[in-house]
Amino acid sequence: MLFKTPDGMHDMLPEDAEYWISFEHAARETFADYGFRPIQTPMIERTDLFVRGIGEATDVVGKEMYRVLSDTNLENLLKGEKLKDSSRLSLRPEGTAGVVRSVVQHNLVPQGAPPVKLTYSGPMFRAERPQKGRYRQFYQIGVECLGSDAPTIDAEAIIMLIRFFERVGFPKNDILLLINSMGDDSCRPAYREKLRQFEEQHIDGFCDSCKERIQTNPLRTFDCKNEGCRTIMADAPKIREHLCDDCTAHYDRVKELLDLAGIRYREDDTLVRGLDYYTRTVFEIQLGEGSNAIGGGGRYDKLAQEISGSTKESDLIPGFGFALGFERCKEALMERGIVTLPGKSTDLFVACASPDARVAVFEIAQRCRDEYIDCEIDHQDRSLKSQFKLADKLGARFVAIVGDEELTQNAVKLRNMETHEEQLVSLTDLETTLEELL
Ligand code: HAM
């Protein structure tokens, strides 16, 4: 085998791809009920969009981005020429930065307009160490709502995601919602400094990566899986004890609204998320303690300003959103036996019982397809017996046999593959008979 999929990337084989289509369709339907409309942005964006938007010190931007170079740009680079910022491109590691760029670029939230609600789906790329549930190309479905900082937006989106997870089959009791508040510009800087001081007092106990993080992004140490770091961080000051009054009121309101909707959640004061744009509410959904998150998101009130480069108060477009990981959802649903990928099935197989019937078989199949009956035929001159085997393999519910006798009678012999009953059906009645039977 000369070529295989690159490490951490996978083919979506037909049964996976069919499931993806139905899963995505269910998401779009659920989100449409809440007013979300589809948007698709390019898979490649300027690298500095992600650097500014997601944050240089995050793993996603600092270590995991795939850079994209055209041949000409690569040659220029090798010749020692400097690349223009607009030629420095990357594969998107997530969807939020691109969607917010698009909202700003096309002025989708003009002054005084109601919030814009957008949903997107497709592959994202992160050069992570591949392992179960962690891929280098994975599919996300996400939503972004821009133009309001109201806590009702946060609560509505979280409730919508949980309703979607219930709709695709996750048992209510398996869904673990973790929430936290990250504060905002008026309370987080002081907290960050306090945390950094605490971490520096314990610097010798941290792993090497955390020692680095303490300088660049002290909150990220909450995410470290290293036992030593975790033990230290258990005693670290927590952001929720340092929220300003406005952030506390916002957070309390979100919780109140979740309570009202009967949504169970757990407050997790170590939940900081891996992307730097978050302010106030953040959340993640796991299926059971400590498992990989199947979805997560939060509020990002400063991201649009960061992307537009404007500091004007009037250019502030607060936002809230989330994304879920398709592969993780699918794997979890399959492990629980909630979903089995559908095998191939077809309504009708038209079998050829005589060399003279080949053209008629082709024509009959075409006529049926024109009436939206899904239909297959043999293309390899198989014997009638092996055509029946093929029909079985394809999950055909009916087989229409066309031989010399049927040709003279202008009819087919229609066999029900479950009951094995056969009936002669004239060609003029075939589509209507099948429509009744199927
Ligand atoms: P995220 O938490 O980085 O957030 O990713 C969201 C979901 O994508 C995760 O919960 C997980 O299910 C899936 N995911 C992430 N990385 C991988 C991977 N390497 N392999 C498989 N699945 C993965 C975001 O991407 C934010 N843009 C969410 C957001 C939208 N926040 C606000 N708006």
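Order of listing sets the numbers, starting from 1, for every ligand and every atom in it.
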Please work out which of [options] has its closest non-hydrogen atom nearest to [atom].
atom                    : options                      : answer
atom 9 (C) of ligand 1  : Cys329, Ala293, Gly98, Gly53 : Ala293
atom 29 (C) of ligand 1 : Tyr300, Phe283, Tyr278       : Tyr278
atom 24 (C) of ligand 1 : Leu275, Thr96, Ile141        : Leu275
atom 1 (P) of ligand 1  : Arg273, Arg328, Glu94        : Arg273

Can the positive tip of Arg163 be found less than 6.0 Å from the middle of the six-membered ring of Phe31, inside 45° of the ring normal? no

Between Glu75 and Lys79, does a salt bridge (charged side-chain N to carboxylate O under 4.0 Å, His left out) hold up when you go through it step by step? CA-CA 6 Å; Glu75 273 169 31; Lys79 276 193 243 151; 5.4 Å; no

Under 4.0 angstrom from ligand 1, any heavy atom of [X]?
X      : value
Glu128 : yes
Gly142 : no
Phe320 : no
Gly133 : yes

Aromatic ring proximity, centroids under 6.0 angstrom, Phe326 and Phe23: yes

Compute the ring centroids of His202 and Phe198, then answer whether they are less than 6.0 Å apart.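 Yes, ring centres under 6.0 Å apart.
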
Looking only at distances, can you tell me whether any N or O atom of Gly295, backbone or side chain, sits closer than 3.5 Å to an N or O atom of ligand 1? yes

So is Tyr135 polar-close to ligand 1, meaning N/O to N/O under 3.5 Å?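 N/O-N/O distance under 3.5 Å: yes.
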
[atom] - nearest protein heavy atom and its distance:
atom                    : result
atom 33 (N) of ligand 1 : Glu144 OE1, 2.8 Å
atom 26 (C) of ligand 1 : Tyr277 OH, 3.3 Å
atom 14 (N) of ligand 1 : Phe138 CE1, 3.5 Å
atom 13 (C) of ligand 1 : Gly325 CA, 3.6 Å
atom 8 (O) of ligand 1  : Gln140 NE2, 3.1 Å

Using every non-hydrogen atom in the two residues, find where Pro189 and Asp184 come nearest and quote the distance to one decimal.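 In terms of heavy atoms, the two residues are closest at CD-O, 3.8 Å.
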
So, using salt bridge (Lys or Arg N to Asp or Glu O under 4.0 Å) as the criterion, who are the partners of Glu64 when residues are at least two apart?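 For Glu64 there are no salt bridge (Lys or Arg N to Asp or Glu O under 4.0 Å) partners, ignoring immediate neighbours.
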
Between Ser121 and Arg28: side-chain donor-acceptor atoms closer than 3.5 Å: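 The criterion, which ignores hydrogens and geometry beyond distance, is satisfied for Arg28 and Ser121.
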
Can Lys238 and Glu241 be counted as an ion pair, charged N to O under 4.0 angstrom?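 Salt bridge absent between Lys238 and Glu241.
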
Pick one of side chain, backbone, both or neither for how Glu284 approaches ligand 1, counting any non-hydrogen atom pair under 4.0 Å. neither

Give the intermediate values and the outcome of salt bridge (charged side-chain N to carboxylate O under 4.0 Å, His left out) for residues Arg336 and Asp174. CA-CA 11 Å; Arg336 287 167 172 71; Asp174 284 9; 2.9 Å; yes

For Glu267 and Lys255: C-alpha separation, side-chain torsions, deciding distance, then whether salt bridge (charged side-chain N to carboxylate O under 4.0 Å, His left out) applies. CA-CA 9 Å; Glu267 295 180 73; Lys255 285 188 295 176; 3.2 Å; yes

Test side-chain contact (heavy atoms from CB on, under 4.5 Å) on Leu287 and Leu176; report intermediate values, then the result. CA-CA 6 Å; Leu287 296 167; Leu176 176 59; over 6 Å; no

Suppose I only count heavy atoms of Ile294 and a 4.0 Å limit; which atoms of ligand 1 are within that range?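 Matching atoms, with element in brackets: 10 (O), 12 (O).
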
